[in-house]
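Structure, as structure tokens:
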Amino acid sequence: MPIAILPERGVLEVAGEDRVAFLQGLVSNDVAAAVPGRAVFAALLTPQGKWLADFIMIAEGERLLLDCERAQAAMLAQRLGRFRLRSKVALRDLSAEMTVAAGWGGAPMPAGAVPDPRLAEAGWRLVSAAPPEADATAEDWDAHRLSLGLPDGSRDLVGEQSLLLEAGFDELAGVSWTKGCYMGQELTARTKYRGLLKRRLVPVAVEGPLPAPGTPVLAGGAEVGEMRSGRGALGIAQLRLEALDGRALRCGEAVLTPRLPGWMRLPAEAVPARG
């Protein structure tokens with residue numbers, strides 16, 4: 001029943017009486033749904049609808065805590081701060097004071113923990129100034145999230161380029177289609193309702209040396225994508241949908257085999273056997 005501390009995660013506090021309304025017009029999911037015991041997965045986009053950062057929003061008293069990439073916390077605070085204007089809201093980077101932990105595989109939830117809002121199999125998250133006792137490592141968590149096919153922020157998405165639906169945010173409960181306008185909504189909605197997706201982040205099995213991020217993926221000599229994050233024999237690659245037709249995919253010295261998880265929805269013509 002593993003529990004791990006995640007040192008690469010940071011915490012951004014959004015406090016003040018306007019915190020929900022402030023974030024509601026900026027991020028991809030329904031901020032009002034973040035209540036004690038229930039977290040919300042969301043992203044901040046450019047006005048053009050491209051990914052900038054993603055985070056898990058946790059309600060705690062009179063504040064929202066954003067479980068985000070530690071390396072992005074300052075950027076996220078700065079980007080959000082541009083829109084504060086007269087809103088009664090305060091932003092603070094608490095990454096040096098608070099710890100993010102994850103538990104999975106049946107690990108009991110400590111007080112203050114919330115189920116991971118993306119997938120039940122992902123377990124739970126805890127943001128706390130008093131970290132729990134860990135019996136696993138961040139590397140163990142990374143292997144677990146790769147086994148589930150969960151993208152990991154900037155390791156798998158490219159700032160100001162990636163689209164949310166390429167990264168499974170629809171299936172992983174990271175987008176609200178009913179809450180109203182937010183920054184970048186137009187492209188996100190158009191991509192969904194017009195069926196404009198041409199590529200996806202896809203979990204892959206790796207046979208051979210793990211390719212470095214950015215290594216081109218080839219099918220029959222043609223480039224069809226690139227490697228993103230990975231560990232051992234598991235990885236995530238961005239692939240064109242037409243590459244999911246069962247052909248052998250080469251990446252550096254390795255062979256990649258797409259292994260589509262049960263949560264992932266693709267057009268019928270792009271769905272091989274699931275792994």
Side-chain angles (χ1 to χ4, degrees), residues 1-15 19 29 31 33-43 53-77 90-157 168 172-174 203 210 228-236 261-263:
M1 295 185 288
I3 297 174
I5 306 300
L6 308 181
E8 294 188 0
R9 302 297 292 181
V11 181
L12 180 65
E13 177 192 74
V14 185
R19 62 191 180 280
N29 214 340
V31 183
V35 295
R38 181 185 177 189
V40 170
F41 180 46
D54 58 65
F55 36 83
I56 294 173
M57 297 186 288
I58 298 172
E60 183 187 270
E62 300 300 311
R63 62 183 182 175
L64 290 165
L65 300 176
L66 307 191
D67 164 0
C68 62
E69 288 185 52
R70 179 181 287 265
Q72 289 192 324
M75 177 275 289
L76 188 55
L91 304 168
R92 283 199 303 158
D93 184 352
L94 300 182
S95 301
E97 304 169 29
M98 305 196 80
T99 297
V100 177
W104 65 100
M109 286 177 56
V114 291
D116 192 307
R118 297 168 294 180
L119 286 176
E121 297 87 345
W124 50 258
R125 309 285 282 208
L126 175 66
V127 174
S128 174
E133 184 175 345
D135 57 6
T137 66
E139 291 74 21
D140 294 328
W141 161 253
D142 195 45
H144 179 60
R145 69 96 191 167
L146 284 166
S147 75
L148 298 174
L150 292 177
D152 185 23
S154 61
R155 296 177 64 198
D156 293 308
L157 289 85
L172 296 172
L210 182 67
R228 295 294 169 82
S229 68
R231 182 174 298 276
L234 295 175
I236 289 180
W263 60 261

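Both backbone and side-chain heavy atoms feed into the values below; hydrogens, waters and symmetry mates do not.
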Go through Val100 and Val11 one step at a time and tell me if the side chain to side chain contact (heavy atoms under 4.5 Å, CB included) criterion holds.
CA-CA 8 Å; Val100 177; Val11 181; 3.8 Å; yes
Taking atom types as modelled, find out whether Ser154 and Glu69 have a side-chain donor-acceptor pair closer than 3.5 angstrom.
yes
Salt-bridge test for Asp156 and Arg145: reply yes if a basic N is under 4.0 Å from a carboxylate O, no otherwise.
yes
How close do Trp124 and Ala107 get, heavy atom to heavy atom, and via which atoms?
NE1-O, 2.9 Å
List the steps, then state whether side chain to side chain contact (heavy atoms under 4.5 Å, CB included) holds for Arg118 with Ile56.
CA-CA 9 Å; Arg118 297 168 294 180; Ile56 294 173; 4.3 Å; yes
Pro203 and Leu146, any side-chain heavy atoms less than 4.5 Å apart
no
Rounded to the nearest 0.5 Å, what's the gap from CG on Leu64 to CZ on Arg19? Could you check?
5.5 Å
Distance from Leu119 atom CG to Phe41 atom CZ, nearest 0.5 Å?
10.0 Å
Which heavy atom in Ala74 sits nearest to a heavy atom in Asp93, and how many Å separate them?
N-OD2, 4.1 Å
Which atom names give the shortest non-hydrogen contact between Ala134 and Ala4, and what distance separates them?
CB-CA, 4.3 Å
I'd like to check the side-chain contact (heavy atoms from CB on, under 4.5 Å) partners of Pro132; sequence neighbours left out, ordered by chain and number.
Ile3, Ile5, Ala101, Leu126
For Arg38, is the CZ atom crowded, meaning more than 12 foreign heavy atoms sit under 6.0 Å from it?
no
Which heavy atom of Arg63 sits nearest a heavy atom of Glu13, and at what distance?
NH1-OE2, 2.6 Å
CE (Met109) and CZ (Arg125) are apart, to the nearest 0.5 Å, by 12.5 Å
With Trp104 via ring-ring contact (aromatic ring centres under 6.0 Å, His included) - residues at least two apart:
Trp141, His144
Charged N-O contact under 4.0 Å between Asp152 and Arg231
no
Hey, is CD on Glu133 packed in by over 12 heavy atoms from elsewhere, all under 6.0 Å?
no
For the residue pair Asn29 and Ala42, what are the closest heavy atoms and their distance?
CB-CB, 3.8 Å
Minimal non-hydrogen separation, Leu150 against Ile236, with atom names:
O-CD1, 3.5 Å
Check whether any side-chain heavy atom of Asp142 sits under 4.5 Å from a side-chain heavy atom of Glu8, and report yes or no.
no
Working to the nearest 0.5 Å, report the span between CG of Leu94 and CG of Leu12.
7.5 Å
